[in-house]
Amino acid sequence: MRRRPGISGLQSAAAARDQYRLVGENVAKIRTDLMKEQLATFRSQLEEFARKHKNDIRKNPTFRTQFHEMCAKVGVDPLASNKGFWAELLGIGDFYYELGVQIVEICLATRSHNGGLINLQELCSLLCQRRKTAREAVSEDDCLRAISKLKALGSGFEVITVGKKKLVRSVPTELNKDHNEILEVAQAQGYVMVEEIEKRLSWPSGRAIDALETLLEEGLAMIDDGHRDGKRRYWFPCVAPISAALGADGLRSSS
Amino acid sequence: MAGSIKLKGSQGLPGLQRRPLLFPPLDESKPFSRWPPANLFRETMAANWLAPVLLTASGRPVFLPNEVERCLISAVDLDAEENPALPTLRSGLLVLTSHRILWIDESSTSGRAIPLAAVVHAFPPKKSLRSMFASPRIRIQVSVSPDGRVGEKGTRSEMVTIVMRGKNDPDVFYGRLLEVLRSRTWEASEGSEGRERGSGSGEGEGSARVRMPVVGVSGILRKEQEMWESTDKSLQEAFHDLNALMSKAKEMVQLAEKMRQKLLLGSSAQGSANDDELGSKQEMQDWLLSVGIVSPVTKESAGALYHQQLSRQLADFVKLPLEKAGGLIALIDIYCLFNRARGTELISPEDLLQACALWEKFDVPVMLRKFDSGVMVIQNKAHSDDEVFARITSLAQKPDALRMGISPSDAALTLGIAPALAKEHMLTAESKGLLCRDVSPDGFRFYINLFKEIDPSDIYSIKITGLLDAWVSAVSISGQT
């Protein structure tokens, strides 16, 4: 294009650049859309192959590695058995083991978010998302069965019932660092309240209550329900001796 | 006829000459008769014959990229019958992989390898009346370089005999050996690298010469279109059926990688807030959480040695997650991570337990620990009880602690572990006599055990530099007794 002198030249050059940019963005958008489409096709094909030819893939070790590499890069879960009739009746077969691995994986991924405590319904829905192409959906009963199969590995996974909800705890007490955080908060006044914990550490309510209850069972916390505002306080004598805190608090509550 | 059935070494078989002894028996009466040390000489000879194999800390061989294990047999000798100067490697573990034949000695501390590229021919195990009573032998012809090393481009060839002294089926092994020799996987990886390099440069030159003049924007658009069409076509061909996918597997892997890169770049550049996209991007990143195991131990490949080899592979795998988790990780978490790394070759929880139980027999740096509440964890031996006790006792000897003692929560906050675990450690320390407990309305507190410092015959004597002295001075400062 000929360069024209003066302001009109600059303006037309700017207009041309704009047009090029628009075309470029358009092309990029089309390219990404096409790419996504191809990726989706790739994924669905891989999933079908994983399901149909599972045994054949396992027999050939070299190809097996390449297949897994493909699945890993594209984001396809190669564990995709169907629940057979005998599997459901007798609880044997690959289906429940695979489900177990997927459940533990979801718990590991969400652990930093919810402290190792996850609602059973949420777990099931995340699981269904992962197993999109499986013929049958996964029911809560299937999840419970898969979890019970993991019992052989120690009592790390438990299902606890809080009112009507069922929660799955994936972090055993011995490895739970939540308690340390509560103790640190308690060092200030010697006691904590549930709302204080939730606000300070931004936890959902189930997590705070569960941790406090566990500390209570361990004998590290004591309950105090006698205050005028009716809210329950959890005292931690191990962190600060009661005598010291009582003096300060007694003065405060009496005035 | 009884003489012909005696079969140890080369002494019993009739018609075969006795091998001359290379090293005469040592004469203890003569001084300096041990120089040069016989073993050293033998070892150097062996080192020149076969290439060594790297082993991991748990005794598993370190594999080359894309090398997959096919068969494991125990109690195998490797013998170079025709060449008496080369010593026999006795009673080791033989591992057949897609790239090499590995021989690992019984204690799993060292190993030797024969690259499959050097194998010229493999003879089937002989089936005769005599061989029914002998250990099955498979003889392979390998190419040897002039200085005696077994290698790919050798000038002459020698026979190496694989003697299977255990209860193994030689036909199965022979079948696998032929399969592996036929598929020539080692060539594929070397060849493709050469081909890639070669074709890359060739293509560059070719395209510079033959390419149509790419004019402006339409040229770019045309190129995009061509690329999309060719990818589409190769996708269709590849997924036609399983065999097609197998033959095009490498191409598909590269395609998958390209797609992943482009998509990750694309979505981060656009900054899309679309839930679905974010979800899929998250998925793709989550998958690369664990390092995949290219050659998992399976019942098919390892047979009777399954649990032993699984145990060793697990010990190797566990190191990285252990470090990330700070020295202690729950068994269930490892179950998930290990199975994910193995892909579709899942192991059952019982297999995992058995593999961990076998660790006691081998010298591996990790151990399984069971708590009273039933929780099982894997921990580093280095991170073991002794180290934790040392830290607790040093914590208990600080002046504040000498006065007021330490509670489980103090220990938990200092050591960075959960209070329940800290409490358990302190109770164990108490049972070993390192700490004393004090039960008060404030709860449990632990003090350092001073009773050991007190001499029963002279109760009031206090050593000037002892612990008792430190305690007395700490206590008297605060005014308490």
Side-chain angles (χ1 to χ4, degrees), chain A residues 23 27 31-32 34-36 38-39 41-42 45 49 53-54 56-58 60-70 72-75 78-79 94 97-98 101 104-105 108-109 149-150 152-157 172-177 179-180 183-184 218-220 236-239 241-242, chain B residues 66 68 70 98 185 217 221 224 228 231-232 235 239 242 245-246 249-250 252-253 256-257 259-260 262-263 266 280 283-284 286-288 292 294 328 330-333 335-336 339-340 343-346 348-350 352-353 371 373-377 407-409 412-413 418-421 442-443:
Chain A
V23 169
V27 169
R31 196 201 296 172
T32 329
L34 284 179
M35 181 73 56
K36 279 193 214 155
Q38 277 182 338
L39 192 65
T41 324
F42 200 175
Q45 292 278 25
F49 265 78
H53 302 279
K54 191 166 168 177
D56 294 322
I57 293 176
R58 280 167 86 161
N60 186 339
T62 333
F63 177 62
R64 181 181 66 205
T65 338
Q66 286 166 324
F67 190 76
H68 288 155
E69 230 182 301
M70 274 191 268
K73 293 210 164 113
V74 168
L79 298 182
D94 277 346
Y97 290 137
E98 287 174 4
V101 173
V104 178
E105 192 173 17
L108 272 175
K149 286 210 171 280
L150 293 172
L153 296 174
S155 53
F157 255 67
T173 326
E174 278 81 354
L175 299 177
N176 196 343
K177 304 261 166 77
H179 302 165
N180 278 354
L183 288 174
E184 275 178 46
E218 288 281 316
L220 292 167
F236 291 92
C238 50
V239 165
I242 293 184
Chain B
N66 289 327
V68 175
R70 299 303 301 274
S98 52
T185 324
V217 176
L221 290 177
E224 292 276 333
W228 180 70
T231 319
D232 216 32
L235 265 182
F239 283 104
L242 192 64
L245 189 61
M246 280 204 240
K250 267 203 129 82
M252 287 293 118
V253 169
E257 177 64 34
M259 281 188 179
R260 189 179 77 91
K262 283 201 184 143
L263 208 63
S280 61
E283 253 179 63
M284 285 197 283
D286 277 345
W287 279 103
L288 307 175
V294 174
L328 207 65
L331 198 62
I332 295 189
D333 293 348
Y335 172 71
C336 168
N339 267 333
R340 268 295 171 214
T344 47
E345 294 292 325
L346 297 185
S348 68
E350 289 82 15
L352 186 70
L353 261 182
F371 289 118
S373 56
V375 173
M376 293 204 251
V377 296
S407 71
S409 45
L413 287 171
L421 194 58
D442 287 342

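Nothing here was measured: the structure is a model prediction, and the numbers come from that model.
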Worksheet item: If you tally heavy-atom pairs under 4.5 Å against chain A, which of B/Asp232, B/Leu346, B/Asn339, B/Leu353 wins?
Response: B/Leu346
Worksheet item: Does any heavy atom of chain B fall under 4.5 Å from the side chain of A/Val101, the backbone, both, or neither of them?
Response: both
Worksheet item: Can you tell me how far the CD1 atom of B/Ile332 sits from the CG atom of A/Leu153, to the nearest 0.5 Å?
Response: 5.5 Å
Item to complete: List in chain and number order the residues that pass side chain to side chain donor-acceptor pair (under 3.5 Å) with B/Asp333, two or more places apart in sequence or in another chain; answer none if no residue qualifies.
Response: A/Arg111
Response to the item:
Honestly, the part of A/Leu34 sitting under 4.5 Å from a heavy atom of chain B is both
Worksheet entry | Pairwise distance OG1(B/Thr231) to CD(A/Gln38) - rounded to 0.5 angstrom | 5.0 Å
